[in-house]
There are 2 protein chains.
Amino acid sequence: MKKVLAGQSDVGYPAGMDTTPAVQACSPTAGRRERKKQRTREALVDSAFRLFAQKGFEATTVEEIADAVDVSSRTFFRYFASKEDVLLTFQDEQFTAMKEAFAARPADEPVITALRRASVSVVRACEDGEFGFDPERFGCIQHLMESSPAVFGSSLEHGQKKHAEMTRLMAERMGVDPATDVRPHVVAAVVNGVFHTAFELFSSDILGAERFSDVLSELLRSLEDGINFPAAAVETSSPS
Amino acid sequence: MKKVLAGQSDVGYPAGMDTTPAVQACSPTAGRRERKKQRTREALVDSAFRLFAQKGFEATTVEEIADAVDVSSRTFFRYFASKEDVLLTFQDEQFTAMKEAFAARPADEPVITALRRASVSVVRACEDGEFGFDPERFGCIQHLMESSPAVFGSSLEHGQKKHAEMTRLMAERMGVDPATDVRPHVVAAVVNGVFHTAFELFSSDILGAERFSDVLSELLRSLEDGINFPAAAVETSSPS
DNA sequence: ACGACAAGTGTCACTTCATGACACTTTGAG
DNA sequence: CTCAAAGTGTCATGAAGTGACACTTGTCGT
């Protein structure tokens with residue numbers, strides 16, 4: 001189990017970092033203006049997470065979020081396109097980490113296998129707070145997705161936006177051209193779907209799994225064997 | 001190609017029906033009130049489709065839609081939970097048809113295969129305007145999904161809402177218990193994902209396919225063979 | 001150091017979606 | 001015919017999101 005994480009120490013995260021990784025990392029000589037902007041952004045995210053956790057997603061208004069940081073709600077919308085958008089920051093970080101972990105998988109692993117090992121390692125990192133991830137926020141998002149359809153919906157959309165990139169990654173590893181070969185598209189779609197289903201299975205507590213990563217792992221594993229299962233009442237003749 | 005449609009004449013649609021199938025079908029002796037309600041609903045859907053096609057989704061307000069039918073916008077929201085909701089009526093009909101077609105597939109077909117044949121037949125029916133489907137609306141929705149993220153988003157969400165039902169269907173055909181077996185969940189997720197990807201591939205015109213149903217068919221077909229493809233630069237050693 | 005320029009922000013006004021409250025009309029049932 | 005319920009309109013309200021414009025502050029060239 002833990003073994004999956006073994007080869008992943010080189011995922012690409014600097015060892016020591018405080019709660020605001022992006023500030024220093026993004027632009028070393030960016031000047032005060034840039035830093036101020038980053039601080040405001042981080043403050044808004046913080047404020048949003050706190051209020052969401054406290055009162056729920058739809059119950060908190062952007063005005064409250066902005067007021068808590070002492071900026072106008074107009075400013076909030078200059079940083080985030082929508083209320084949901086605040087949460088996507090986190091998912092973006094996850095996705096980036098996932099890409100890196102995926103790229104680091106040994107070349108002899110088939111796509112789904114590599115994807116499973118990579119994504120499970122990243123999710124575990126989120127759960128355990130490794131590599132600068134905040135398990136509090138991870139849990140908060142999970143809770144919000146359960147309770148608020150709007151959040152889950154925006155997560156779906158966000159996943160879709162990443163679809164093209166995913167497809168490219170798959171195509172690269174498979175060494176095929178996504179413009180002529182549908183298979184990388186299929187793989188990307190499938191994985192995206194399985195991610196969200198993993199979450200639903202986890203939160204609806206079927207399987208009684210302790211951790212999201214375990215559900216995800218199991219689902220992806222089942223993908224590796226092919227899924228065109230025979231119908232029930234039929235002799236086990238292999239599908240044509 | 002056309003052969004796929006062969007066994008599907010018994011999908012369950014009455015032969016002769018005008019543009020408002022639900023009116024007579026739903027409640028034979030429902031009284032005037034019920035009929036009036038249905039007419040208003042249909043009128044709203046009509047009006048919405050017309051305006052969406054004409055001015056685009058976000059450019060038309062619910063007030064315009066309602067005004068065109070001479071009801072207040074308040075009334076609109078008594079029929080539909082949101083502006084997007086109007087479009088989901090159509091998708092519901094599609095989904096229902098798909099379920100029936102799926103149930104009618106011979107018992108010796110594996111899940112994905114049956115699903116492919118069933119769904120492709122339904123989509124073809126939409127494209128060709130068979131069984132009471134309106135190809136105009138089908139095309140309109142496709143166009144709206146391309147141009148308006150909100151529509152695509154709500155379609156995603158709607159698909160997710162149908163997920164539980166899909167899972168049940170899969171589990172039934174596979175003869176397993178969805179409470180203990182993850183495979184039907186995986187299948188449902190995968191299929192849902194592939195549907196949306198099929199649409200994206202179709203509208204981005206990769207593959208240069210003429211019809212949506214062709215793209216869908218190809219994608220589902222590729223699912224049937226399993227998708228854990230080996231990485232590129234590696235000897236064709238079979239995946240462990 | 002100074003001034004021009006641009007970025008960031010606040011304020012105000014506005015549109016649209018969505019919902020709650022209440023009153024009026026229609027319709028179905030007894 | 002009468003009454004209750006369903007359907008609808010009107011009014012009011014709240015929150016999301018956007019455009020316009022002015023003010024402040026950081027940045028950069030001189």
Side-chain angles (χ1 to χ4, degrees), chain A residues 22-23 26-45 47-48 51-52 54-88 144 148-151 153-154 157, chain B residues 22-23 26-45 47-48 51-52 54-88 144 148-154 157-158:
Chain A
V23 176
C26 261
S27 36
T29 53
R32 174 151 46 201
R33 184 181 281 163
E34 197 66 21
R35 263 173 290 142
K36 209 168 192 173
K37 206 161 61 157
Q38 286 296 341
R39 244 180 296 142
T40 309
R41 189 189 174 84
E42 261 302 310
L44 281 171
V45 173
S47 161
L51 287 168
F52 289 162
Q54 180 188 319
K55 325 177 25 176
F57 182 77
E58 24 265 321
T60 88
T61 69
V62 309
E63 199 175 0
E64 290 172 308
I65 299 172
D67 277 354
V69 188
D70 205 47
V71 297
S72 76
S73 47
R74 186 71 188 83
T75 296
F76 174 92
F77 284 108
R78 289 201 178 94
Y79 282 92
F80 304 100
S82 69
K83 200 167 67 165
E84 289 86 354
D85 209 36
V86 187
L87 301 169
L88 269 42
L144 287 176
S148 163
V151 176
S154 70
E157 273 196 81
Chain B
V23 178
C26 261
S27 35
T29 52
R32 174 152 45 200
R33 184 180 284 163
E34 197 65 22
R35 262 172 291 144
K36 209 169 192 172
K37 205 160 64 156
Q38 286 296 340
R39 243 180 296 142
T40 308
R41 188 189 172 84
E42 260 304 310
L44 282 172
V45 174
S47 162
L51 288 168
F52 289 161
Q54 181 188 320
K55 326 176 26 177
F57 182 76
E58 24 265 322
T60 89
T61 69
V62 308
E63 198 174 0
E64 289 172 310
I65 300 172
D67 278 354
V69 188
D70 205 46
V71 297
S72 76
S73 46
R74 187 67 187 85
T75 297
F76 175 92
F77 283 109
R78 289 200 178 93
Y79 282 91
F80 304 100
S82 71
K83 200 166 67 165
E84 290 86 355
D85 207 37
V86 187
L87 301 170
L88 269 40
L144 288 176
S148 164
V151 176
F152 192 72
S154 70
E157 274 196 80
H158 187 250

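A, B, ... follow the sequence lines: proteins, then strands. Residue 1 opens every chain. The figures that follow rest on heavy atoms only: side chains count, while hydrogens, waters and symmetry mates do not.
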Mind checking side-chain hydrogen bond (donor to acceptor under 3.5 Å, both in side chains) for Glu63(A) and listing every partner two or more places apart, or none if nothing turns up?
-> none
Is the shortest heavy-atom distance from the side chain of Val45(A) to the side chain of Phe80(A) under 4.5 Å?
-> yes
side-chain hydrogen bond (donor to acceptor under 3.5 Å, both in side chains) partners for Thr75(A), two or more places apart | Ser72(A)
Nearest whole angstrom, please: distance from the C1' of dG26(D) to the CZ of Arg39(A).
-> 13 Å
Whole-Å gap separating P (dG7(D)) and CG (Leu44(B)) | 14 Å
Using the side-chain contact (heavy atoms from CB on, under 4.5 Å) rule, pick out the option among Val69(A), Val62(A), Val86(A) that qualifies with Leu44(A).
-> Val69(A)
Set of side-chain contact (heavy atoms from CB on, under 4.5 Å) partners for Glu84(B), sequence neighbours left out | Phe57(B), Ser82(B), Ala150(B), Ser154(B)
Inter- and intrachain pairs under salt bridge (charged side-chain N to carboxylate O under 4.0 Å, His left out), touching residues 66-81 of chain A, at least two apart = none
Protein-nucleotide distance (Gln38(B), atom CD; dT8(D), atom C1'), rounded to Å = 17 Å
Would you mind reading off the distance between Glu58(A) atom CD and dG17(D) atom P, rounded to a whole angstrom?
-> 12 Å
Using atom names, set out every protein N or O paired with an N or O of nucleotides 2-6 of chain C below 3.5 Å, distance rounded to 0.1 Å.
none

Using the test ring pair (Phe, Tyr, Trp, His ring centres under 6.0 Å), find all partners of Phe77(A) that sit at least two apart in sequence or belong to another chain.
-> none
When you check the phosphate oxygens OP1 and OP2 of dT25(D), does a side-chain N or O of Lys36(A) lie under 4.0 Å from one of them?
-> no
dA15(D) C1' sits how many Å from Phe57(A) CZ, rounded?
-> 12 Å
With a 4.5 Å heavy-atom cut-off, do Gln38(A) and Arg41(A) have their side chains touching?
-> yes
Identify, residue by residue, the members of residues 72-83 of chain B with a heavy atom below 4.0 Å from DNA chain C, and return them in order of residue number, or none.
-> Arg74(B), Phe77(B), Arg78(B), Ala81(B), Ser82(B), Lys83(B)
Quickly work out the Lys37(B) NZ to dT8(D) C1' distance and round it to whole Å.
-> 12 Å
Listed in order of residue number, which residues of residues 61-69 of chain A have a non-hydrogen atom at under 4.0 Å from DNA chain D?
-> Thr61(A), Val62(A)
Checking all strands, does Asp70(A) fall into the base, sugar-phosphate, or nothing category for heavy-atom contacts under 4.0 angstrom?
-> sugar-phosphate
Using the test side-chain hydrogen bond (donor to acceptor under 3.5 Å, both in side chains), find all partners of Thr40(A) that sit at least two apart in sequence or belong to another chain.
-> none
Taking only residues two or more places apart in sequence or in another chain, which ones pass side-chain contact (heavy atoms from CB on, under 4.5 Å) with Lys55(A)?
-> Leu51(A), Ala59(A), Thr60(A), Glu64(A)
Would you say a side-chain N or O of Thr60(A) is under 4.0 Å from OP1 or OP2 of dA15(D)?
-> no
Hey, does Val71(B) have a side-chain heavy atom less than 4.5 Å from the side chain of Tyr79(B)?
-> no
Figure out the CG/P separation between Asp85(B) and dT19(C), and round it to whole Å.
-> 11 Å
Roughly how many Å is it from CZ in Arg35(B) to P in dG7(D), rounded to a whole number?
-> 14 Å
